[in-house]
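Here is the structure we will look at.
For ligands, and for the atoms within them, numbers begin at 1 and follow the listed sequence. Reckoned from all heavy atoms, side chains included, excluding hydrogens, waters and symmetry mates.
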Amino acid sequence: MSRPYHEVERYRQSKDITIRGECPNPIQFFEEANFPEYVMRSIKQQGFDFPTAIQAQGWPIALSGKNMVGIAQTGSGKTLAYMLPAIIHVKNQPRIQRGDGPIVLVLAPTRELAQQIQQVSNEFGSPNGVRSTCVFGGAPKGPQARDLERGVETVIATPGRLIDFLERGTTNLRRCTYLVLDEADRMLDMGFEPQIRKIMSQIRPDRQVLMWSATWPKEVRKLAEDFLADYVQVNIGSLELAANHNIQQIVEVVQENDKQDRLVALLEEIGSDRLERTIIFVETKRKVEAIANGLKRIGWPAVSIHGDKSQNERDYVLRDFRRGKSLILVATDVAARGLEAPNGVWIIPYDMTR
Ligand code: ADP
Ligand code: MG
């Protein structure tokens, strides 16, 4: 669907969608997705009016065959964001033959989640002959093994039980070309990283990988870098909030003399990937100047505001900061009053008097 750029941008902004990488336009209405008739029928049956933000922006990426990372809160509709493209993916592949493993593999951290996902997969897939099964630990292997041996297009699995079946040769991943890592953050929290890596090593390199998570901590980022290589990232809501589950506060007690060094180290941490917008709150005008100048001297693009600057200058500085033109703002409390805290900004209260 071609829409003027500014309309696409407006939609993304209104849904708090941010993207990294080359990204097709979001699918704002179900009718734009070119889903087959039977998928549309299921959507109508569910009574959904519009795609959720992660679906709107996730679908066109998933459908284009690219690797992607989708970060969005629980309850934002991630399951269908990967499941509908999965169904289309299966329909575009040669049918599975005797002895073939699944085309779509979804890894999930727990039995309950795997079962929920399978329910969705069934609702939308089975009307069109996309069969799925669910394998997880803590239940007898017999029935799960029989399903796998009979052949299914989609397998939803917890990592341990899947490895078990792979090692026994009950199934294989030679046909797997669409891999979903759902709740990647939780899987890592639960210690599944070695299992995930083991499973990945059995999947052909030309697979499409889609990773989903509610948060975006370092470990998840590392996994994405190791296995997705080139990927498009979609975020719903603030990246920094996602990185920290919630607003995270880190309090450090630093001697006055060491503060400047610690500040630089902190900025280096924040900017290790890509410098994000950062506000440094300071007590006095003099200190604002000193810190901003100190940062500029060592190459950080800092701007500053405080009460002695003209309204004009303050407006100008704030405007550039909001637009992301300048990334580091040093300010006194007073001067920054009225600056609605924009989303996804690091706040460093340099002086602990706030
Ligand atoms: P997540 O995986 O992001 O936590 P789910 O995929 O489990 O979210 O979806 C949460 C709920 O939202 C489910 O009950 C699902 O049926 C519902 N849902 C999914 N897509 C839509 C939509 N487009 N419109 C309304 N509700 C939706
Ligand atoms: Mg989910």
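Under the 30°/60° scheme for interplanar angles, the aromatic rings of Tyr231 and Trp216 are found to stand perpendicular. Aromatic ring pairs are classed by plane angle as parallel below 30°, tilted from 30° to 60° and perpendicular above 60°; the pair Trp59 and Phe35 is perpendicular.
Here Phe50 sits in one hydrophobic cluster together with Phe29; the rule is ILVMFWY side chains under 4.5 Å apart, joined directly or through other members.
For ligand 1, the 4.0 Å heavy-atom shell takes in Phe30, Phe48, Phe50, Pro51, Thr52, Gln55, Gln73, Thr74, Gly75, Ser76, Gly77, Lys78, Thr79, ordered by chain and residue number.
When the options Lys91, Arg131, Arg95 are evaluated for a salt bridge (Lys or Arg N to Asp or Glu O under 4.0 Å) with Glu153, the one that passes is Arg131.
Listed by first and then second residue, the side-chain hydrogen bond (donor to acceptor under 3.5 Å, both in side chains) pairs involving residues 61-81 amount to none (not counting sequence neighbours).
Take Arg286 and apply the salt bridge (Lys or Arg N to Asp or Glu O under 4.0 Å) test, not counting sequence neighbours, and it matches no residue.
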